Amino acid sequence: MVKKYIALFCSIFLLLGLVACTDTKTEVEEEADLTVVGFSQPGAESTWRVALTDSVKEAFTEERGYKLIYKDGKSKQDNQIKDIRTFIQQGVDYIILCPIVETGWDTVLEEAKAAGIPVIICDRNVVVSNESLYTAFVGSNFKAEGEDAISFLEKVYTDESRPINILHIQGTIGSSAQMGRSEALEKAVEEHDNWNIIGQECGEFTKAKAREIMKNWLAEIAADEINVVYCENDEEAMGAMASMNEAGIEYGVDTDIMVVSFDATSAALEMCLNGQINLEVECNPLQGPYLYNIISTLEKGNAVPKIAYVDEGYFTKDMLSKDIIAGRKY
Ligand code: GYE
């Protein structure tokens, strides 16, 4: 009788072993068939950045035949360069790079090119000696975003005799987003003699840094000297508003201080709807589908456009509702 149980146990064990081997072999085979995409993000500094990461992860799934390898550069270009080198060593099929700043990529992109790995630039752009170092760019037209903000301010401040004092919290210096949004403001200040930038500092696209900068400014500048707080993303706007709240300073619609911000994340749109933020310039992080379209087109051996701008707009209080905000994806 005991012998029967031993024989039964051995046969079950053998069967399970075969299934396990078969599963492992199938997993390896399946992995071998997947297109591997290395995805280098500069960090996770903002709600916007997390939305971009999620959008790319949703686009490149195993069900669609992809394996996505995500790397967070922890806000350092050196880390991103290391991440790209790791992707090259791993022999990925494509690299998606969201560059923290525009310059300093030639060497590592030469290495990717030498390895025959197409690189797609996403979100912010790069400036390289040879445009063949990357296959395509998907992202925002930051110059247009800045121009939207300036057009709004020019419609508000029509009296050229009245001084307009602006506090300017910049994003990461040297990033395309910062350069486009800063250049628009600085060009407008040159064109309007009555517009003055009375404070300009880099908030690194973070709430904490912007809050500290604003607090220091408010220790030196009287509230009635401020007309506009121009923040280059929503995290910075949240930080600046937190410091103005602490100082008991009113801002937003129907006050003397306008807040202008970029990204149009849901939390910021709520503050636009309630009048705390006067203008939200949209910066669309839902770039996964655009990237998927590019890589799946390349997979078929077809050419892709060098530049693809994502669709973007802007919002003011009267353009928003709870339903509009609830219907947005980030
Ligand atoms: O505005 C900000 C993020 O590169 C457009 O980076 C992106 C910017 C975005 O930290 O929230």
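In listed order, ligands and their atoms are each counted from 1. Everything quoted here is computed from the prediction, not taken from an experiment.
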Problem - E45 neighbourhood, listing ligand 1 atoms whose heavy-atom distance to it stays under 4.0 Å - result: 3 (C), 6 (O), 10 (O)
Exercise for the section: Using a strict cut-off of less than 4.0 Å between a Lys/Arg side-chain nitrogen and an Asp/Glu carboxylate oxygen, indicate whether R328 and E282 qualify as a salt bridge. Expected result: yes
Handout entry: Y66-Y292 aromatic ring centre distance below 6.0 Å
Key = yes
Problem - Criterion salt bridge (Lys or Arg N to Asp or Glu O under 4.0 Å) on E102 and R124, from CA distance to verdict - result: CA-CA 7 Å; E102 290 197 337; R124 306 173 186 175; over 6 Å; no
Handout entry: Heteroatom proximity flag, W48 to ligand 1, N/O under 3.5 Å
Key = no
Problem - Contact with ligand 1 for R181, non-hydrogen, under 4.0 angstrom - result: yes
Exercise for the section: May I ask whether C283 has any heavy atom positioned less than 4.0 angstrom from an atom of ligand 1? Expected result: yes
Exercise for the section: Give yes if a backbone or side-chain nitrogen or oxygen of D263 is under 3.5 Å from a nitrogen or oxygen of ligand 1, and no if not. Expected result: yes
Exercise for the section: Check each atom of ligand 1 against the heavy atoms of R49 and keep those under 4.0 Å away; list them by number with element. Expected result: 3 (C), 4 (O), 6 (O), 7 (C)
Exercise for the section: Look at R49 together with D123 and state whether they make a salt bridge at an N to O cut-off of under 4.0 Å. Expected result: yes
Exercise for the section: Assess the pair F262 and Y230: is the distance between their ring centroids shorter than 6.0 Å? Expected result: yes
Practice task
Mark yes or no for whether N165, through its side chain, and I198, through its backbone, hold a donor-acceptor pair below 3.5 Å.
Solution key: no
Practice task
Taking only heavy atoms of N233 into account, list the atoms of ligand 1 that are under 4.0 Å away from them.
Solution key: 1 (O), 2 (C), 11 (O)
Exercise for the section: With heavy atoms of F142 as the reference, note each atom of ligand 1 found under 4.0 Å away. Expected result: 5 (C)
Handout entry: Atoms in ligand 1 flagged as close to S46, the criterion being non-hydrogen separation under 4.0 Å
Key = 2 (C), 3 (C), 10 (O), 11 (O)
Practice task
Considering only NZ, NE, NH1 and NH2 on the basic side and carboxylate oxygens on the acidic side, decide whether E183 and K143 come within less than 4.0 Å.
Solution key: no
Exercise for the section: Starting from atom 8 (C) of ligand 1, find the nearest protein heavy-atom neighbour and note its residue, name and distance. Expected result: R124 NH2, 3.8 Å
